Enquirer: 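I am attaching a structure below and will ask some questions about it afterwards.
Letters A, B, ... mirror the listed sequences (proteins, then strands); counts begin at 1. Please read these numbers as outputs of a predicted model, since none were measured by experiment.
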2 protein chains.
Amino acid sequence: MDRPMRLGLAGLGTVGASLARLLTTKRDAYALRAGRPIEIVAVSVRDRSKDRGVDLSAVEWFDDPVALATRGEIDLFVELVGGSQGAALDSVKAALNRGIPVVTANKALLAHHGVQLAKLAQRKGTTIFFEAAAAGGIPIIKTMREALRGNDVSRVYGILNGTCNYMLTRMEKEGIAFEDCLADAQRLGYAEADPTFDIGGFDAAHKLALLTSLAFGCEIDLESIFIEGISSVTNEDIEAAAELGYRVKLLAVAQRTETGIEQRVHPTMIPAHSALAQVDGVTNAVAVDTDLLGSILLVGPGAGGNATASAVLSDIIDAANGVTMPTFAVDPANLVPYRKARMRAHEGGYYIRLSVLDRVGAFASIARRMAENAISLESIVQRKREGEGDRETAPVILITHETTEAAVRKALDAVSRDGHLKGEPRMIRIEALD
Amino acid sequence: MDRPMRLGLAGLGTVGASLARLLTTKRDAYALRAGRPIEIVAVSVRDRSKDRGVDLSAVEWFDDPVALATRGEIDLFVELVGGSQGAALDSVKAALNRGIPVVTANKALLAHHGVQLAKLAQRKGTTIFFEAAAAGGIPIIKTMREALRGNDVSRVYGILNGTCNYMLTRMEKEGIAFEDCLADAQRLGYAEADPTFDIGGFDAAHKLALLTSLAFGCEIDLESIFIEGISSVTNEDIEAAAELGYRVKLLAVAQRTETGIEQRVHPTMIPAHSALAQVDGVTNAVAVDTDLLGSILLVGPGAGGNATASAVLSDIIDAANGVTMPTFAVDPANLVPYRKARMRAHEGGYYIRLSVLDRVGAFASIARRMAENAISLESIVQRKREGEGDRETAPVILITHETTEAAVRKALDAVSRDGHLKGEPRMIRIEALD
C-alpha cells in the first residue's frame with residue numbers, strides 16, 4: 001500500500017467534525033477503498049478547546065486556514081471554513097499555488113471566484129473538488145463533470161434548498177401558514193435565525209451557478225440569475241395548484257434557449273405525478289435533460305453533517321487515487337462567456353391568481369387584457385367569494401398555455417391599472433417536465 | 001493537447017454504431033472534454049458491408065475481436081460484442097493481458113467472470129470500466145464505485161429491466177393482459193422474440209450481481225440470486241395493489257441482513273406515493289441506502305443506443321483522462337466471499353391472494369393457519385365472488401405485517417392442503433421504502 005495521504009483540514013464545524021470522526025472510525029475501510037491510508041495531519045480552527053468527539057491531539061494545529069494551507073506538510077487541503085472572501089479564498093489560493101489539490105464544500109467561494117480559482121488550479125496542474133458544494137450528498141457534480149461528458153445538456157433543474165422544500169411540503173400537507181412553518185424550521189435547525197439566504201432563493205442560486213457552468217461549459221455568472229424566493233407563496237396558491245394537478249416547489253433552473261442561457265430560481269408548479277413532485281421535506285433533487293439520455297433525475301439528502309461529509313469523502317478518495325481534471329470539466333481557458341437569456345424572454349405556462357372586485361365587466365376586461373397580449377388560457381377557475389359589499393372579491397385562477405414572461409407581465413400590469421383587482425396579481429411559473 | 005487516444009471497437013450493433021457516430025460528429029467537443037482527441041483506429045465486426053451511418057473507411061478492420069485486442073495498435077479496447085463466453089471473454093482477456101484498459105457494456109461477461117477479470121486487470125495495472133453494464137444511461141456504477149466510497153451500504157435496489165417495467169406500467173394504466181402487453185413490447189422492440197431473459201428476471205439479476213459486489217465489497221455470485229419473473233403477475237394483483245396504496249414493480253434488491261447478504265429479483269409492491277413508484281415505462285431507477293446518506297435515488301433511461309453510448313463515452317473519457325482504479329472499487333484480492341442469506345429468512349410484508357371456495361369454515365381455517373405461523377395481518381379484503389354453485393370462489397387478499405418468507409410459505413402450504421382454495425395461492429413481496 002502506498003504512503004498515507006496527508007490531509008489538512010480547515011474548519012471543524014458540523015461537516016468538519018463529522019469528517020474528522022469518520023476518518024478516524026472508518027480509517028481501515030477508507031484505506032482499502034482509497035488504496036492508501038488517509039490521515040488528518042493538520043487542522044485549523046478558531047476554538048481549540050471545544051470537544052468534537054474525536055481525538056486530534058496528534059495533529060498539527062494552525063491558528064488560521066491560510067497558515068495551514070501555506071505551511072502545512074499536506075497532500076490535500078480541505079476547506080470547510082465558508083464564506084466567499086477572506087480566509088476561505090486566501091487559503092484555497094495558497095494551497096493551489098503550492099500545487100496542492102483542494103476539496104471544498106464552499107458554494108459561495110466558487111460561485112464568486114470559481115473561474116479564477118479553476119485557472120489557478122489548471123496552471124499549477126491540480127484540481128478543485130467540490131461535490132459537497134451543491135445538493136449535499138447527491139453526487140451531481142461527479143455526474144455532470146464526469147458521467148455526462150458524452151452528452152450535450154439542454155436543461156438542469158432541481159430542488160436545491162432543503163429549507164424551502166421543507167416549508168412548502170408542510171404548508172401543503174398540513175395547511176400551516178408560511179410564518180408558522182418558518183418558525184418550526186428555525187426551531188428544528190432547518191433554517192437560520194436570518195432565513196433570507198435560504199427562503200429568498202439565494203442559496204439555491206449559488207448552487208445553480210455552479211451547475212450552469214458544468215452543464216453548458218460556460219463561465220460562472222451568479223449575478224445574472226433571476227431570483228424569486230418563496231415568501232410570497234400562500235396556502236391558497238398551494239391548494240389551488242393541487243386542485244389543478246400541480247405541486248409548488250422552489251426550483252432552480254438553467255436552460256439553453258435560442259437567445260442564450262436562462263438561469264432562474266423561483267417558486268414553480270410541477271405536475272403532481274412527476275417523480276420530482278414526490279421529493280418532500282429537506283430532500284434535494286436534480287434533473288438533467290440531455291441529447292443522449294433524455295432526462296435523468298437524482299434524489300437525496302441536500303444537507304446535514306454526514307451527508308455533506310459523504311460528498312467530501314468521495315472527493316478526498318478521488319484525490320487520494322490521483323484523479324486530476326479541470327475543475328469545471330474543461331480547461332478553464334475554454335469556458336465560453338456566459339450568454340444571458342433575459343427573463344422577459346422566458347417561455348412557459350403561468351398560474352395567475354387575481355382577487356377580482358365584484359363589478360360588472362371586470363372579468364371581460366381581464367379576458368381582453370390576456371387576449372391583447374396573445375395569452376391563451378388553458379383553464380379558468382373561480383373560487384368562492386371573499387369579503388363583503390363593495391369590497392367583495394372573487395379569487396380567479398388562470399392557467400395559461402405557453403406564453404412569454406414579457407406578455408404575462410404586460411397583461412398583469414394592464415389588469416392592475418384597470419382597477420378591478422384588490423391587491424396585486426400573483427403569478428407562479430409552470431415548468432414543463434417530460 | 002496530448003496525443004490522441006486510439007480506440008479499438010469490437011462490435012458495431014446498436015450501441016457500437018451510436019458510439020461510432022457520436023465519436024465522429026462530436027469529435028471536437030469530446031476532445032475538449034477529454035483533454036485529447038479520441039480516435040477509433042480499429043474495429044471488428046462480422047459484416048463489413050453494412051451501412052452504419054458513419055465513415056469507417058480509414059480504420060483498420062479485424063475479422064474478430066480477439067485479433068483486434070491482441071494486435072490492434074490501441075490505447076483502449078471497447079467490447080460491445082456481448083455474451084459471457086467466447087469472443088467477448090477472450091478479447092477482454094487479451095486486451096487486459098497487454099495492460100490495455102477495457103470499456104464494456106457486457107453484464108453477462110462480468111456477472112460470470114468479473115472477479116477473475118478484475119484480478120487480471122489489477123495484475124496488469126489497468127481497469128475495466130463498465131458503466132453501461134447496469135441501468136444503461138444511469139451513472140450507477142460511477143456513483144457506487146466512486147461517489148459513495150465514504151459510505152457503508154445497507155441496501156441497493158431498483159427497477160433494472162425496462163421491458164418488465166414497460167409491461168407492468170401498461171398492465172396497470174390500461175388494464176391490458178400480460179400476453180397482450182408482451183406482444184406489444186415485442187412489436188415495439190422493447191422485448192426480444194424469446195423474452196425469457198427479460199421477463200424471467202434474469203437480465204435484472206445479472207445487473208444486480210454487479211451492484212451487489214460494489215455495494216458490499218464482496219465477490220460476485222450470480223448463482224445465489226433468488227429470481228422470480230413477472231409472468232405470474234395478473235391484472236387483478238395490480239388492481240388490488242392500487243386499492244391498497246401500492247404499485248407492482250419488478251425490483252432487484254441486494255440487502256445486508258444479520259445472516260448474510262440477500263440478493264433477490266421478484267415482483268414487488270411498493271408504496272404508490274414513493275418516487276420509485278412514479279418510474280414508468282422503459283425507464284430504470286436505482287436506490288442506495290447508506291449509513292451517511294440515508295437514501296439516494298437515480299432515475300433515467302435503462303437502454304437504447306444513445307443512452308448506453310452515453311455510459312460508454314463516460315468510461316472512455318475517464319480512460320482518456322488516465323483514471324485507473326480497481327474494477328470493483330477495491331483491490332480484488334480484498335473482495336470478501338459472498339455470504340448468502342437464505343431467501344426463507346427474508347423478512348418483510350406480504351400480499352397474498354387466495355381464491356377461496358365458498359364453504360363454511362374456510363375463512364376460519366385460513367386465519368388459523370396464519371396464526372399458527374405467527375403471521376399477523378394488516379388488512380384483509382374480500383373482493384366480489386366469482387364462478388357458480390359449488391365452484392363459487394371469493395378472492396381474498398391478505399396484507400401481512402412483517403414476517404418471514406419461511407412462515408408465509410409454510411402457512412400457504414398448509415392453506416393449500418386444507419383444500420379450501422381453487423388453484424394455487426398467489427404471493428407478492430412488499431418492500432419497505434423510507
Enquirer: Please name all residues satisfying ring pair (Phe, Tyr, Trp, His ring centres under 6.0 Å) with Tyr338(B), sequence neighbours left out, ordered by chain then number.
Expert: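 Residues passing ring pair (Phe, Tyr, Trp, His ring centres under 6.0 Å) with Tyr338(B): none at all.
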
Enquirer: Minimum heavy-atom separation for Leu32(A) to Val330(B), with atom names?
Expert: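 Taking every non-hydrogen atom into account, O-CG1, 4.1 Å.
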
Enquirer: Identify the residues of residues 17-29 of chain A whose heavy atoms come closer than 4.5 Å to a heavy atom of chain B, ordered by number, or report 'none'.
Expert: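 So the qualifying residues are Leu22(A), Lys26(A).
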
Enquirer: Among Gly300(A), Gly150(A), Ala329(A), who wins on heavy-atom pairs under 4.5 Å with chain B?
Expert: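 Answer, by heavy-atom pair count under 4.5 Å with chain B: Gly150(A).
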
Enquirer: Measuring heavy-atom distances to chain A, does Ile296(B) have an atom under 4.5 Å in its side chain, in its backbone, in both, or in neither?
Expert: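 For Ile296(B), heavy atoms of backbone and side chain both lie under 4.5 Å from chain A.
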
Enquirer: Check whether any side-chain heavy atom of Arg149(A) sits under 4.5 Å from a side-chain heavy atom of Asp318(B), and report yes or no.
Expert: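 Answer yes - side chains close enough.
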
Enquirer: To the nearest 0.5 Å, how far apart are NE2 in His273(B) and CD in Gln278(A)?
Expert: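 Taking NE2 in His273(B) and CD in Gln278(A), the distance rounds to 8.0 Å.
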
Enquirer: Before giving the answer on side-chain contact (heavy atoms from CB on, under 4.5 Å), spell out for Leu313(B) and Leu292(A) the whole-Å C-alpha distance, their side-chain angles and the decisive distance to 0.1 Å.
Expert: CA-CA 11 Å; Leu313(B) 280 159; Leu292(A) 304 184; 4.1 Å; yes

Enquirer: Of Leu298(B), Leu293(B), Thr143(B), which is the lone residue that meets side chain to side chain contact (heavy atoms under 4.5 Å, CB included) with Pro139(A)?
Expert: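 Of Leu298(B), Leu293(B), Thr143(B), side chain to side chain contact (heavy atoms under 4.5 Å, CB included) with Pro139(A) is met by Thr143(B) alone.
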
Enquirer: Relative to chain A, which segment of Ser310(B) carries a heavy atom at a distance below 4.5 Å: side chain, backbone, both, or neither?
Expert: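 Both parts, backbone and side chain.
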
Enquirer: Rounded to the nearest 0.5 Å, how far apart are CZ of Arg145(B) and OG of Ser314(A)?
Expert: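 Reported to 0.5 Å precision, the distance equals 13.0 Å.
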
Enquirer: Inspect the contact between Arg33(A) and Asp152(B) and indicate whether a charged nitrogen and a carboxylate oxygen are less than 4.0 angstrom apart.
Expert: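 Salt bridge between Asp152(B) and Arg33(A), a charged N being under 4.0 Å from a carboxylate O: yes.
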
Enquirer: Could you tell me which portion of Glu146(B) (side chain, backbone, both or neither) has an atom closer than 4.5 angstrom to a non-hydrogen atom of chain A?
Expert: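 Contact with chain A involves both backbone and side-chain atoms of Glu146(B).
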
Enquirer: Kindly give the heavy-atom pair with the smallest separation between Pro301(A) and Ser295(B), and that separation in Å.
Expert: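 That would be CD-O, 3.6 Å.
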
